[in-house]
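A short worksheet on the structure shown next.
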Amino acid sequence: CDAPFNSVLCNLYRSGADSMGWHSDAEPELGPEPVIASLSFGAVRRFRLRHRHDASRALELPLAPGSLLVMSGATQRNYRHDLPKAARVAAPRINLTFRQIRPV
């Protein structure tokens, strides 16, 4: 990813009933344009990205096992993302999210 990371967050989605709502990773300790790398294992899940002010600017990606999604630049400032519920997904998914945490 050509970026330094000093933190990893591990999320377990036990089935499609577990989800993450619309949000941005805009915490001050991540800096103004953070690089966030997300590595997925387990069940395929849909990742959605939507512009804050123009919902027609959206993207949906199936994150298969071994998928690496990198968000950088102004992504967190301009977009929100989520992992919606998926009724037909019974298997678990683990997501590792790498970040650089800086003192505020």
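Not measured: the values here are computed from a predicted model. Worth knowing before you read on, the calculation uses all heavy atoms, side chains too, and leaves out hydrogens, waters and symmetry mates.
In this structure, the side chains of Asp25 and His81 come closer than 4.5 Å at one or more pairs of heavy atoms. By the 4.5 Å heavy-atom criterion applied to side chains, Cys1 and Leu68 are counted as neighbours.
Arg14 CZ: 12 or fewer foreign heavy atoms inside a 6.0 Å radius.
When all heavy atoms of Val44 and Val89 are compared, the pair lying nearest together is O-CG2, 4.0 Å. When all heavy atoms of Pro84 and Ser19 are compared, the closest pair comes out as C-CB, 3.9 Å. Of all the heavy atoms in His23 and Gly21, the pair that sits closest is ND1-O, 2.8 Å. Between Ser24 and Arg80, the closest heavy-atom pair is OG-CG, 3.6 Å. The two residues Arg45 and Ser15 make their nearest non-hydrogen contact at NH1-O, 3.2 Å.
If you run side-chain contact (heavy atoms from CB on, under 4.5 Å) between Tyr79 and each of Arg50, Arg52, Arg57, only Arg57 comes through.
Rounded to the nearest 0.5 Å, atoms CH2 (Trp22) and CG (Asp82) are 4.0 Å apart. Between Asp18 atom CG and Asn11 atom CG the span is 10.0 Å, to the nearest 0.5 Å. The distance from atom CD of Glu33 to atom OG1 of Thr75, rounded to the nearest 0.5 Å, is 8.5 Å. To the nearest 0.5 Å, atoms CG (Asn78) and CG (Asp54) are separated by 11.5 Å.
Put simply, Val35 and Leu61 are part of two different groups of oily side chains (I, L, V, M, F, W, Y) that touch within less than 4.5 Å, one to the next. Residues Val8 and Ile94 share a hydrophobic cluster, clusters being chains of Ile/Leu/Val/Met/Phe/Trp/Tyr side chains in contact below 4.5 Å. When the side chains of ILVMFWY residues are joined at heavy-atom separations under 4.5 Å, either directly or via intervening members, Leu39 and Ile36 end up in two distinct hydrophobic clusters.
A donor-acceptor contact shorter than 3.5 Å links the side chain of Lys85 to the backbone of Ala17.
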Below 3.5 Å, can you tabulate the donor-acceptor pairs from side chains in residues 97-104 to any protein atom, sequence neighbours excluded?
from	atom 1	to	atom 2	distance (Å)
Thr97	OG1	Asn95	OD1	2.8
Arg102	NH1	Leu30	O	3.3

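In this structure, Met20 shares a hydrophobic cluster with Tyr13, Leu83, the cluster being traced through Ile, Leu, Val, Met, Phe, Trp and Tyr side chains under 4.5 angstrom apart.
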